[in-house]
Amino acid sequence: MHPALDAARRTLIVDRRPLRRDELVTMSTLPSDQIEALLGLASEVRDHYCGQRAYVEVIYNAKKGGCSEDCHFCSQSARFASDVNPEPLKTVDEFVGAANEALARGAGEFCIVVAVRGPSNALLLRVAEAVRVIKATTPLEVAVSLGILTDAHLAILAEVGVDKVNHNLESSERYFPSVCTTHTYAERYETCERVRRAGLELCCGGIIGMGETMEDRIDFLCALQALEPTEVPINFLDPRPGTPFADRSVMEPMEALRYVAMARLALPSALIRFAGGREITLRGLQDLGMQGGASGLILGNYLTTKGRSDSDDFEMLDRLGFEVVR
């Protein structure tokens, strides 16, 4: 084993300590012929801290398009001439129907997503009513992603039984102004802190391959370490027509795999969830992503893109020996 990987193994397995910034920098500079060994270490760390269990989630786009914000990767922004046709907020019955469909597909978690700066009172109450019914009638864990939240918003969500709140940092604080200009990194970070104070589980990750540097990726991981999220979704940029990032290149597969492994070594106890863009970035190498430290995935039919079939994902998990948690 490469000396740096051997040292990282002792730190994580023997000392039971996540890798710090300088150690993550070392992982980022390992030669390409060591990536397979890095993935192997990440797999060992995942099994040591989390076991070989896989957590499967379905996300539900509850109000398509029309978002006021200018997140440059997102085709749901009203500011861009994308191929997304806006749709109004779904009814409570539609929320519940989607949750039951997610359960039938084999998911253990259902995440309600609304592309907004933050929820209006009417939107929040609609989501809260739907969550109350879903929690009463299904065994699903329920997460929500509703933009920037206040303490009052979070009190309502906690009262109706929301288990987890997603709010992604997306990238490093330094690179964030290149991703979005209509709200700040600080606003996102503060929402994440509020989620933790409210006693709800925090789901916080982002998108890799938007043009950020490796230093940005390491800063991003260090920010996540400070927040200690329960779950970290890892998305890879899927350049969407009409958005400012439409002409960005898709990330190189081996660099994407390196990042998945680094996330596991930085956040050994977290649920690291393989999310959007994995199909176009890794193509036939998705098995390596799951082997290389991931502990969950989002099934296809993302917010505005299809992804791959459920059967392909469940066959992958079975092939790799994961126990799917439902």
Side-chain angles (χ1 to χ4, degrees), residues 39 42-43 45-47 49-61 98-99 101-113 139-145 163-164 166 168 170 201-209 224 229-238 250-251 253 256-326:
L39 294 171
S43 178
V45 170
R46 190 258 332 283
D47 291 352
Y49 282 83
C50 309
Q52 200 165 13
R53 292 180 290 275
Y55 297 82
V56 177
E57 179 183 42
V58 165
I59 56 177
Y60 176 56
N61 198 358
E101 180 183 345
L103 184 63
R105 291 172 64 189
E109 184 170 324
F110 179 67
C111 183
I112 297 165
V113 181
L140 290 165
E141 286 200 0
V142 178
V144 299
S145 182
D163 297 290
K164 188 182 296 180
N166 165 260
N168 290 336
E170 305 301 8
E201 293 183 3
L202 173 63
C203 169
C204 183
I207 303 175
I208 309 305
L224 292 175
T230 302
E231 177 180 336
V232 178
I234 297 179
N235 300 273
F236 306 101
L237 181 67
D238 181 353
V250 174
M251 191 176 185
L257 291 170
R258 183 195 295 267
Y259 184 79
V260 174
M262 288 173 58
R264 173 55 65 196
L265 304 187
L267 300 149
S269 299
L271 195 181
I272 294 178
R273 199 182 295 274
F274 226 15
R278 58 190 169 95
E279 297 86 355
I280 68 161
T281 298
L282 296 177
R283 299 182 291 278
L285 299 179
Q286 291 184 65
D287 285 40
L288 288 177
M290 284 302 303
Q291 287 175 306
S295 49
L297 54 78
I298 297 176
L299 293 177
N301 295 326
Y302 304 122
L303 301 179
T304 61
T305 58
K306 186 174 181 181
R308 71 173 181 176
S309 71
D310 294 357
S311 61
D312 283 344
D313 279 336
F314 282 111
E315 286 170 9
M316 174 179 68
L317 296 176
D318 182 64
R319 183 168 60 248
L320 298 176
F322 281 94
E323 173 195 352
V324 177
V325 178
R326 294 185 170 91

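Worth saying up front: this structure is predicted, and the values here are computed from it rather than measured.
The two residues Pro268 and Tyr49 come nearest to each other via the heavy atoms O-CB, 3.3 Å. Counting all heavy atoms, side chain and backbone alike, Tyr302 lies closest to Arg278 at OH-NE, 3.3 Å. When all heavy atoms are compared, the tightest approach of Leu224 to Pro229 is O-CD, 3.1 Å. Closest heavy-atom contact between Leu285 and Pro253: CD1-CB, 3.9 Å. Here the shortest heavy-atom pairing between Ile298 and Ile59 reads CG2-CG1, 4.0 Å. Nearest approach of Gly205 to Val232, heavy atoms of both residues: CA-CG1, 4.2 Å.
Residue pairs that meet the salt bridge (charged side-chain N to carboxylate O under 4.0 Å, His left out) test with at least one member in residues 279-292, sequence neighbours left out, are Asp287-Arg319.
Residue Thr305 holds its OG1 atom at 5.5 Å from CG of Asp238, rounded to the nearest 0.5 Å. Atoms CG and CG, from Leu202 and Asn166 in turn, are 8.0 Å apart once rounded to the nearest 0.5 Å. Note that CZ of Arg53 and CG of Leu317 are 14.0 Å apart. Values are rounded to the nearest 0.5 Å. How far CE of Met290 is from CG of Leu39: 12.5 Å, rounded to the nearest 0.5 Å. To the nearest 0.5 Å, atoms CG (Leu103) and CZ (Arg326) are separated by 9.5 Å. Note that CZ of Arg264 and SG of Cys50 are 4.5 Å apart. Values are rounded to the nearest 0.5 Å.
The closest donor-acceptor contact from the side chain of Gln52 to the backbone of Leu320 lies under 3.5 Å. Judged purely by atom type and a 3.5 angstrom limit, Asn235 has no side-chain atom pairing as donor or acceptor with the backbone of Ile207. In terms of modelled atom types and a separation under 3.5 Å, the side chain of Asn168 and the main chain of Cys204 share no donor-acceptor contact.
Phe236 is listed as a side-chain neighbour of Val260, based on a closest heavy-atom distance under 4.5 Å. In this structure, the side chains of Val45 and Leu265 come closer than 4.5 Å at one or more pairs of heavy atoms. In this structure the side chain of Arg308 reaches within 4.5 angstrom of the side chain of Asp313, judged on heavy atoms.
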Pairs under 3.5 angstrom only: tabulate donor-acceptor contacts from the side chains of residues 269-276 to other protein residues two or more places apart or in another chain.
from: Arg273; atom 1: NE; to: Glu57; atom 2: OE1; distance (Å): 3.3
from: Arg273; atom 1: NE; to: Glu231; atom 2: OE2; distance (Å): 2.6
from: Arg273; atom 1: NH1; to: Tyr55; atom 2: O; distance (Å): 2.6
from: Arg273; atom 1: NH1; to: Leu297; atom 2: O; distance (Å): 3.4
from: Arg273; atom 1: NH2; to: Glu109; atom 2: OE1; distance (Å): 3.4
from: Arg273; atom 1: NH2; to: Glu231; atom 2: OE1; distance (Å): 3.2

